[in-house]
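Hydrogens, waters and symmetry mates play no part in the numbers below; they use all other heavy atoms, side chains included. No experiment lies behind these values; they were computed from the predicted model shown.
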Amino acid sequence: MKIRIDIDENLAEPEIIIAGRANDVAKLQAAILTTQAQKLTLLRNGREYFVPAANVLFFESVDGKTWAHTAKNIYLIRSRLYELEQILPPNFARCSKSAIINTAQIWSIRRNLTGPSVVQFRGSLKQISLSRSFYKSLIKRVNANIF
């Protein structure tokens, strides 16, 4: 791999241009996005916390607010779910219209054929519903280790 750096003092913000084969470029893009989302600014009790994305079990939207759940705490986050989908690492996936789940933190899934399944997380008693429409894609992602 070749790396070329051009210094241009006239640019308002850094610009990255990547040229190469699609597979290689996709890997680099994922690495950059993962690095970008390593720490999230979360709010709780009037304080800002800088929490690694890997520590978040899931995000959920309730009454117009987005909440980040870790094993022990719940934090408010200013971003909407669709904004989080753009910046989170590839191990995060939708599990319903109102939630994004960290697939690396899944401990078990209790499947329900007639309604939503229930996801349980490592090191926590927290659970979240997995919509039937998202079940197949989430299982495929977990089994393929796409994260």
Side-chain angles (χ1 to χ4, degrees), residues 1-44 47-62 64-112 116-124 126-147:
M1 174 181 359
K2 292 193 280 183
I3 298 176
R4 186 179 87 201
I5 299 173
D6 295 326
I7 306 295
D8 185 349
E9 299 297 330
N10 296 325
L11 288 176
E13 62 182 36
E15 178 181 313
I16 299 173
I17 299 171
I18 300 173
R21 291 181 294 230
N23 196 22
D24 295 333
V25 171
K27 287 178 186 175
L28 286 170
Q29 181 183 17
I32 291 168
L33 292 175
T34 300
T35 302
Q36 223 176 17
Q38 282 186 339
K39 291 209 177 171
L40 301 168
T41 303
L42 307 176
L43 307 168
R44 185 167 179 256
R47 295 177 72 181
E48 287 186 347
Y49 294 89
F50 304 98
V51 178
N55 291 1
V56 176
L57 303 176
F58 62 93
F59 298 92
E60 70 175 335
S61 181
V62 179
K65 293 184 179 182
T66 305
W67 302 93
H69 291 255
T70 62
K72 295 183 181 177
N73 292 310
I74 301 172
Y75 301 90
L76 180 66
I77 185 166
R78 291 187 180 116
S79 304
R80 303 277 186 196
L81 290 179
Y82 71 90
E83 295 169 329
L84 288 171
E85 281 183 305
Q86 302 299 313
I87 64 166
L88 288 171
N91 57 303
F92 283 86
R94 281 277 185 165
C95 66
S96 69
K97 287 183 181 180
S98 61
I100 296 173
I101 189 171
N102 183 349
T103 59
Q105 294 286 347
I106 294 175
W107 176 251
S108 69
I109 299 175
R110 186 174 352 120
R111 186 159 188 201
N112 184 346
S117 299
V118 177
V119 176
Q120 192 163 4
F121 300 94
R122 283 188 183 87
S124 177
K126 292 186 180 183
Q127 300 177 344
I128 193 163
S129 295
L130 168 59
S131 297
R132 289 185 328 170
S133 59
F134 291 94
Y135 180 85
K136 283 185 182 179
S137 65
L138 184 73
I139 293 300
K140 190 179 210 180
R141 185 178 216 156
V142 170
N143 287 335
N145 292 321
I146 303 177
F147 48 79

Partner set under salt bridge (charged side-chain N to carboxylate O under 4.0 Å, His left out) for E83, not counting sequence neighbours:
none
dist S61:OG -> I100:CD1 (nearest 0.5 Å) comes out at 9.5 Å
Can you find a heavy atom in the side chain of V51 that is under 4.5 Å from one in the side chain of K39?
no
Minimum heavy-atom distance between A93 and T103, given as atom pair plus value:
CB-CG2, 4.3 Å
What's the separation between atom CZ in R141 and atom CZ in F134, rounded to the nearest 0.5 Å?
11.5 Å
Nearest heavy-atom contact between I101 and C95 is CG2-CB, 3.9 Å
What do you reckon, is CZ of R44 surrounded by more than 12 foreign heavy atoms closer than 6.0 Å?
yes
S98 vs E60, test: side-chain contact (heavy atoms from CB on, under 4.5 Å). Steps then yes/no.
CA-CA 6 Å; S98 61; E60 70 175 335; 5.7 Å; no
Restricting to salt bridge (charged side-chain N to carboxylate O under 4.0 Å, His left out), what partner residues turn up for R78, sequence neighbours left out?
E48
Treating N102 as the side-chain partner and V56 as the backbone partner, does any N or O pair qualify as donor plus acceptor under 3.5 Å?
yes
Let's go through L76 and W67 carefully: what are the C-alpha distance in whole Å and the side-chain angles of both, what is the deciding distance for side-chain contact (heavy atoms from CB on, under 4.5 Å) to 0.1 Å, and is it a yes or a no?
CA-CA 5 Å; L76 180 66; W67 302 93; 3.8 Å; yes
Sub-4.5 Å side-chain heavy-atom contact between V119 and R110
no
First locate atom CZ of R94, then atom CG of L138, and finally report the distance between them rounded to the nearest 0.5 Å.
13.0 Å
Donor-acceptor pair, side chain of S117 and main chain of I109, under 3.5 angstrom:
no
Please examine the side chains of F59 and L88, heavy atoms only from C-beta on, and report whether any two atoms are closer than 4.5 Å.
yes
Which is it for T66 and L84 under the side-chain contact (heavy atoms from CB on, under 4.5 Å) test, yes or no, and what are the steps along the way?
CA-CA 10 Å; T66 305; L84 288 171; 4.0 Å; yes
When you look at CZ of R122, are more than 12 heavy atoms from neighbouring residues, nucleotides or ligands closer to it than 6.0 Å?
yes
Interatomic distance, CG@L57 vs CZ@F92, rounded to 0.5 Å, equals 8.5 Å
Minimum heavy-atom distance between Y135 and L130, given as atom pair plus value
CD1-CD2, 3.4 Å
Taking side chain as C-beta onward, heavy atoms only, is T41 less than 4.5 Å from Y49?
no
In terms of heavy-atom contacts, K126 and F58 come closest through CB-CE2, 4.2 Å
Can you name the closest pair of heavy atoms from S124 and A71 and give their distance?
OG-O, 3.4 Å
To the nearest 0.5 Å, what is the distance between OG1 on T70 and CG on L40?
11.5 Å
Heavy atoms only: give me the nearest P116-S129 pair and the separation to one decimal.
CB-CB, 4.0 Å
